[in-house]
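If you're wondering where the values come from, they're calculated on a predicted model, not measured in any experiment.
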Amino acid sequence: MQALSRTNLTDTAVEAMRLEISSGRWPVGGQLPNEATLSSLLSVSRGTVREAVRVLVAKGFLETKQGSGTYVRSKTDPVESFSRARGAGLRDLLEARCALEVEAARMAAIRHAPAAIPALRSLLEVRGHSNEGDREDYIVRDLAFHKAVVAASGNQAMIEIYEFFSASIRETIEATLCDELPEPDMQAHADIIDAIASGSADQADAATRRFMAPILSALDRMLLS
């Protein structure tokens, strides 16, 4: 029998520990057995246990607390979950984008810094129209505007989530350039800025929903035809 390599031992330990977590035998919030106990349970060295713990911390399953120990943070792999979400259909991606941008606009209306409004107007001017310049450059400019709206929310978690989904959001922008889905015009974008500038979360909410509604409606018609 071929001896397992160190990498294979680590992978095996990772999978064994993941099974304990996913089964609930190690509940979320619960503390893991100490390193020596894990080494004995898994029949691997303490160094392999440390490597396996590092892998599971990086994946979001575990968290280590200095001077306290290692605790279960989640039963699922957030990276895998987000990756599956990014592979969803266009309708689902558009709905998720709408949810993110609506809430971001609401927060931005309440929290935006004074410099955010002129910055958004400048980005919108740079964005221009889809028939101006290279198509890929246009998508980059349009995405930059929407990222700035999310950034104006001041919510770092939302900013990171939006950045993670940026590849999928690029796809939704590109879909509006295919002549089958309507591309929101400059005024629809400007209305979002004006609503944020008003300081009214409800106005920002409504402006963003108006922005997305024609795209979602057109897609529904396409799917029904």
Side-chain angles (χ1 to χ4, degrees), residues 4-108 110-111 143 146-173 201 205 208 212:
L4 291 174
S5 69
R6 185 176 182 82
T7 299
N8 285 337
L9 282 174
T10 300
D11 291 344
T12 301
V14 167
E15 288 307 309
M17 293 169 72
R18 282 183 61 172
L19 180 60
E20 295 299 299
I21 295 168
S22 62
S23 69
R25 286 190 289 270
W26 291 351
V28 174
Q31 185 175 8
L32 265 63
N34 62 35
E35 192 176 275
T37 302
L38 286 173
S39 176
S40 175
L41 288 172
L42 298 169
S43 298
V44 296
S45 70
R46 294 176 68 164
T48 299
V49 168
R50 283 193 293 273
E51 290 179 18
V53 168
R54 279 197 291 269
V55 170
L56 291 169
V57 167
K59 288 180 174 292
F61 286 100
L62 302 176
E63 63 177 333
T64 55
K65 298 180 180 179
Q66 189 67 32
S68 176
T70 302
Y71 296 81
V72 178
R73 181 179 182 183
S74 174
K75 291 179 66 173
T76 58
D77 184 342
V79 174
E80 289 182 6
S81 298
F82 276 126
S83 295
R84 287 195 297 270
R86 287 201 305 194
L90 183 58
R91 185 64 163 81
D92 288 348
L93 291 175
L94 282 165
E95 287 179 336
R97 176 186 170 187
C98 182
L100 284 171
E101 294 192 11
V102 164
E103 191 57 33
R106 291 183 63 89
M107 292 182 184
I110 300 169
R111 303 176 180 176
L143 182 58
H146 292 287
K147 283 185 176 182
V149 170
V150 176
S153 72
N155 185 303
Q156 191 60 40
M158 188 169 291
I159 293 168
E160 294 297 336
I161 291 171
Y162 198 84
E163 181 63 33
F164 186 87
F165 276 110
S166 61
S168 296
I169 293 167
R170 282 178 61 95
E171 292 177 16
T172 67
I173 294 171
D205 182 309
T208 308
M212 295 295 298

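Under the side-chain contact (heavy atoms from CB on, under 4.5 Å) criterion, Glu15 pairs with Arg18, sequence neighbours left out. Considering only residues two or more places apart in sequence or on other chains, Gln156 meets the side chain to side chain donor-acceptor pair (under 3.5 Å) condition with Glu160. Residues passing the side-chain contact (heavy atoms from CB on, under 4.5 Å) test with Ser40: none are found, sequence neighbours excluded. With sequence neighbours left out, the side-chain contact (heavy atoms from CB on, under 4.5 Å) criterion links Ser22 to Leu19. When the side chain to side chain donor-acceptor pair (under 3.5 Å) test is applied to Asn34, the partners found at least two apart in sequence or on another chain are Thr37. Scored by the side-chain contact (heavy atoms from CB on, under 4.5 Å) test, Ala148 finds Leu120, Leu123 as partners (sequence neighbours excluded). Every residue two or more places apart in sequence or in another chain that forms a salt bridge (Lys or Arg N to Asp or Glu O under 4.0 Å) with Arg170 is listed here: Glu136. By the salt bridge (Lys or Arg N to Asp or Glu O under 4.0 Å) test, Arg97 is found to be paired with Glu101, residues two or more places apart in sequence or in another chain being considered.
Put simply, the side chain of Leu100 does not reach to within 4.5 Å of the side chain of Val150, judged on heavy atoms. Counting only heavy atoms from C-beta outward, the side chains of Asp92 and Glu95 approach each other to under 4.5 Å. A 4.5 Å side-chain heavy-atom check between Thr12 and Thr48 finds every atom pair outside the cut-off.
Contact record, Lys147 with Ser166: CE-CB, 4.0 Å, taken as the closest heavy-atom pair. Thr10 approaches Ala52 most closely through the heavy-atom pair CG2-N, 4.0 Å. Minimum interatomic distance between Ser74 and Gly60 (heavy atoms only, all atoms of both residues): CB-O, 3.5 Å.
With rounding to the nearest 0.5 angstrom, the CG atom of Leu42 is 6.5 Å from the CE atom of Met17. Residue Leu32 holds its CG atom at 10.0 Å from OH of Tyr71, rounded to the nearest 0.5 Å. A distance of 5.5 Å separates CD1 in Ile173 from NE2 in His146, rounded to the nearest 0.5 Å. Atom CD in Gln31 sits 7.5 Å away from atom OG1 in Thr70 (nearest 0.5 Å).
Panel note: side chain Ser39, backbone Val44; a donor-acceptor pair is recorded below 3.5 Å.
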**Report entry** Chi angles and distances behind the side-chain contact (heavy atoms from CB on, under 4.5 Å) call for Thr208, Arg106
**Finding:** CA-CA 9 Å; Thr208 308; Arg106 291 183 63 89; over 6 Å; no
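Sorted by first and then second residue, the pairs that involve residues 24-42 and meet salt bridge (charged side-chain N to carboxylate O under 4.0 Å, His left out), not counting sequence neighbours, are Glu20-Arg25, Glu35-Arg46, Glu35-Arg50.
For Arg73, the CZ atom counts as loosely surrounded, since its 6.0 Å shell holds 12 or fewer non-hydrogen atoms of other residues, nucleotides or ligands.
Applying side-chain contact (heavy atoms from CB on, under 4.5 Å) to Met212 and the options Thr172, Val102, Leu94 leaves one that passes, Leu94.
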